[in-house]
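Report on one structure; see the data block that follows.
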Amino acid sequence: MDMKGFKRITLVGATKNPMKYGNTILKDLLGKGFEILPVNPNYDEIEELKCYKSVKELPKDVDVIVFVVPPRVGLEVAKEAVEAGFKNLWFQLGAESEDIRQFLEKAGLDYSFERCIMVETSDKKMFLEV
């Protein structure tokens, strides 16, 4: 998946809990200048950002949806994302599964497994060039 030009990132599994990756990743990407749209049905806002209850509520101009949830949750949300028309899905380490891979390949989507979004965006200038 080519991330060049990605600016608007959805984070499924974003959380207020500073001990969880869903918060660490959110703060990291915000600090790099990305626009983040958190998704978690348990919050109305996270880090002063509107939090969406599901991917179905998201605006359609999201560049990539990043998953930091258990695979059983990720598969269901991936199905909702595909149904909503999203094409780029990124699964953090531990969020991926063979069931998800099979679903995404059958749907013909661009996806990422086994790569960390924080590492891959460590040179933010490369990704935020216009």
Original post:
Under 3.5 Å, is there a donor-acceptor pair between the Thr15 and Lys20 side chains?
Top reply: no

Original post:
In terms of heavy-atom contacts, does NZ of Lys87 have more than 12 from other residues, nucleotides or ligands at under 6.0 Å?
Top reply: no

Original post:
Would Glu35 and Lys7 pass as an ion pair if we require N to O under 4.0 Å?
Top reply: no

Subject >> Euclidean distance, Ile100 CD1 relative to Glu76 CD, rounded to 0.5 Å >> reply: 9.5 Å

Subject >> Residues, nucleotides or ligands: over 12 heavy atoms within 6.0 Å of Glu83 CD >> reply: no

Original post:
In this structure, which one of Val62, Leu37, Val77 forms a side-chain contact (heavy atoms from CB on, under 4.5 Å) with Val55?
Top reply: Val77

Subject >> Under the salt bridge (Lys or Arg N to Asp or Glu O under 4.0 Å) test, residues paired with Lys53 that sit two or more places apart >> reply: Asp44

Check residues 101-111 and write down every donor-acceptor pair under 3.5 Å in which the side-chain atom is one partner and the other belongs to a residue at least two apart or another chain.
unit_1 : atom_1 : unit_2 : atom_2 : d
Glu105 : OE2    : Tyr111 : OH     : 2.5

**OP:** Using the test side-chain hydrogen bond (donor to acceptor under 3.5 Å, both in side chains), find all partners of Asn88 that sit at least two apart in sequence or belong to another chain.
**Re:** none

**OP:** Tell me, yes or no, whether the heavy-atom count around Tyr52 atom OH, taken from other residues, nucleotides or ligands under 6.0 Å, exceeds 12.
**Re:** yes

Original post:
What is the distance from atom CG of Leu89 to atom OG1 of Thr10, rounded to the nearest 0.5 Å?
Top reply: 10.0 Å

Original post:
Distance from Ile9 atom CD1 to Leu26 atom CG, nearest 0.5 Å?
Top reply: 10.5 Å

Original post:
What's the spacing between Tyr21 OH and Leu93 CG if we round to 0.5 Å?
Top reply: 9.0 Å

Subject >> Check: Asn23 and Asn17 side chains under 4.5 Å, non-hydrogen atoms >> reply: no

Original post:
Taking atom OG of Ser112 and atom CZ of Phe67, what is their separation to the nearest 0.5 Å?
Top reply: 12.0 Å

